[in-house]
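Here the structure comes first, spelled out in structure tokens, and everything after it is commentary.
Along the sequence shown, residues carry numbers from 1. Model, not experiment: these values are computed from the prediction. We count ligands from 1, going down the list as the structure has it; atoms in each ligand are counted the same way.
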Amino acid sequence: MLYNSTQNNSNVVSSAQAIAQGISEEGGLFVPQSFPQFTLTDIENMLSMSYQDRAKAVFEKYLTDFTADEISDCVTKAYTEEKFESKNPAPLTHVDYNGKELNILELWHGPTCAFKDMALQILPHLLTKSLKKTADGVNAVILVATSGDTGKAALEGFKDVKNTKIIVFYPENGVSAMQKHQMNTQAGENVYVCAIKGNFDDAQTGVKQIFTNPENSEILKKHNMMFSSANSINWGRLLPQIVYYVSAYCDMVNSGKIALGDKINVVVPTGNFGNILAAYYAREMGIPVNKFICASNSNNVLTDFINTGVYDKNRSFYTTISPSMDILVSSNLERLLYKLADNDDTLVSDLMNKLKKDGVYEVNAEIKDRIKSAFYGGFCDEDNTKLTIKNLFDSQKYLCDTHTAVAVAVYDSYVNETGDKTPSVIASTASPYKFSKSVLEALSSDLLPDSEFDMVDMLFDISNTTVPAPIAQLKGLEPRFANVTEKDNMKQAVLTALGID
Ligand SMILES: *Cc1c(COP(=O)(O)O)cnc(C)c1O
């Protein structure tokens, strides 16, 4: 199995290279040249497997330059009961809502309580093995710019992983109190956390500049180090996400909700388009899916794109109560376009250049049709998000977070609009305790306490749900990091963190 760049088909790499490198040199993203197939018999064989064995079955098809032992080692170390609360890290829960059945795929039982853990718990293992194959003996320096969830999940994944160092930058005033506390209390000998005086875009730009300046790579090289990425542009983050859609399909069959071979719908609260793309890739491999329902918040650039074929980021940016979906440039959409354009790298690179230059592009009629036949796009505003949390809790005693609520609301309107009765899997992307304030505001009109942990206690009292251990354990922890730097000084912060200034 080899991988192409979406913007230059002659850039061909192995999976280890794709993972170690992160992004292709001309700026394209690595994608598999073709999609390996699961027949219905293959799927039938997976029904009785554990999540871990299903993961191995998927990985073996893509990581053909890894041995079975190497894959097994990565999977066994990543998806442990200790890290994910139970043997199945991605359990399905069934609840009724407005006369519809929701099959909720809970992806937030990992160490940082967001679905990012599903990929970032295994990425460090994939990456260190990839480095060994492609650049043996070199230490990887992972640079991350985060608006909250990715930073913590990457820190937790890479903490004390041999031959790696991880440095996370976050906007000083752009993350929630809980997210800041999660990052600044991070344990591990190889981790470094730094706030910047600026917003998320400044952090992202700063990291990109450090990455792409050859002078910096030279400095690192002298110290036997190289930069690498834990962003969702890395194939090593996308691949683990395919697994839970394959696994969810098996669990839908096992629970009797569908018969083997029946189609399901998949509903995903979407930001950077990585999670829903993984579901699409699962269908390319043979998992029977009818529709992909792409749910956005008020930043509804994807809803418009699916409906019109025009991608236009020239619009107001809204800061919402589902902050992990506050995004106007969904970077993984590039991979979908490449697939829908039958691997036409010139077409993709033209569209991406238009996006860079004008902030807008339009796809041709054929691609438009292909998108419409596979995807439904919808969005949900703040009031409806809160109302959905309240209705779901009041009627079913099921507590969901603000991102998942967006997906539930959009699915509700999809069914009302289309009458489609296909059994549907809803991706649930975060624990409600990560967004206690907004969830409490949805449930109760009482005055809220000031402290984040008092809000956690209040949510526990109201909902009678379990506080995830990783959040409960943060209470009373002293921060290890209090670094703040000017946005123009990030390079120096990196060198200081690495001890090579
Ligand atoms: C990252 C994130 C999303 C968006 O996922 P994408 O793969 O970027 O589309 C949704 N919900 C939560 C809680 C997230 O952390």
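There is no side-chain donor-acceptor pair under 3.5 Å between Gln7 and Asp345. In the model, Tyr318 has no side-chain atom that pairs as donor or acceptor with a side-chain atom of Asn300 under 3.5 Å.
Enumerated by chain and number, the residues approaching ligand 1 to less than 4.0 Å through a heavy atom are Phe115, Lys116, Asp149, Pro269, Thr270, Gly271, Asn272, Phe273, Gly274, Asn275, Ser324, Met325, His403, Thr429, Ala430.
With sequence neighbours left out, the side chain to side chain contact (heavy atoms under 4.5 Å, CB included) criterion links Pro479 to Asn184. Contacts of Lys475 classified as side-chain hydrogen bond (donor to acceptor under 3.5 Å, both in side chains), with partners at least two apart in sequence or in another chain: Asp457. Checked against side-chain hydrogen bond (donor to acceptor under 3.5 Å, both in side chains), Thr465 has the following partners two or more places apart in sequence or in another chain: Tyr433, Ser463.
Taking the ring axis of Phe393 as reference, the NZ or CZ atom of Lys397 stays within 45° of it and closer than 6.0 Å to the ring centre.
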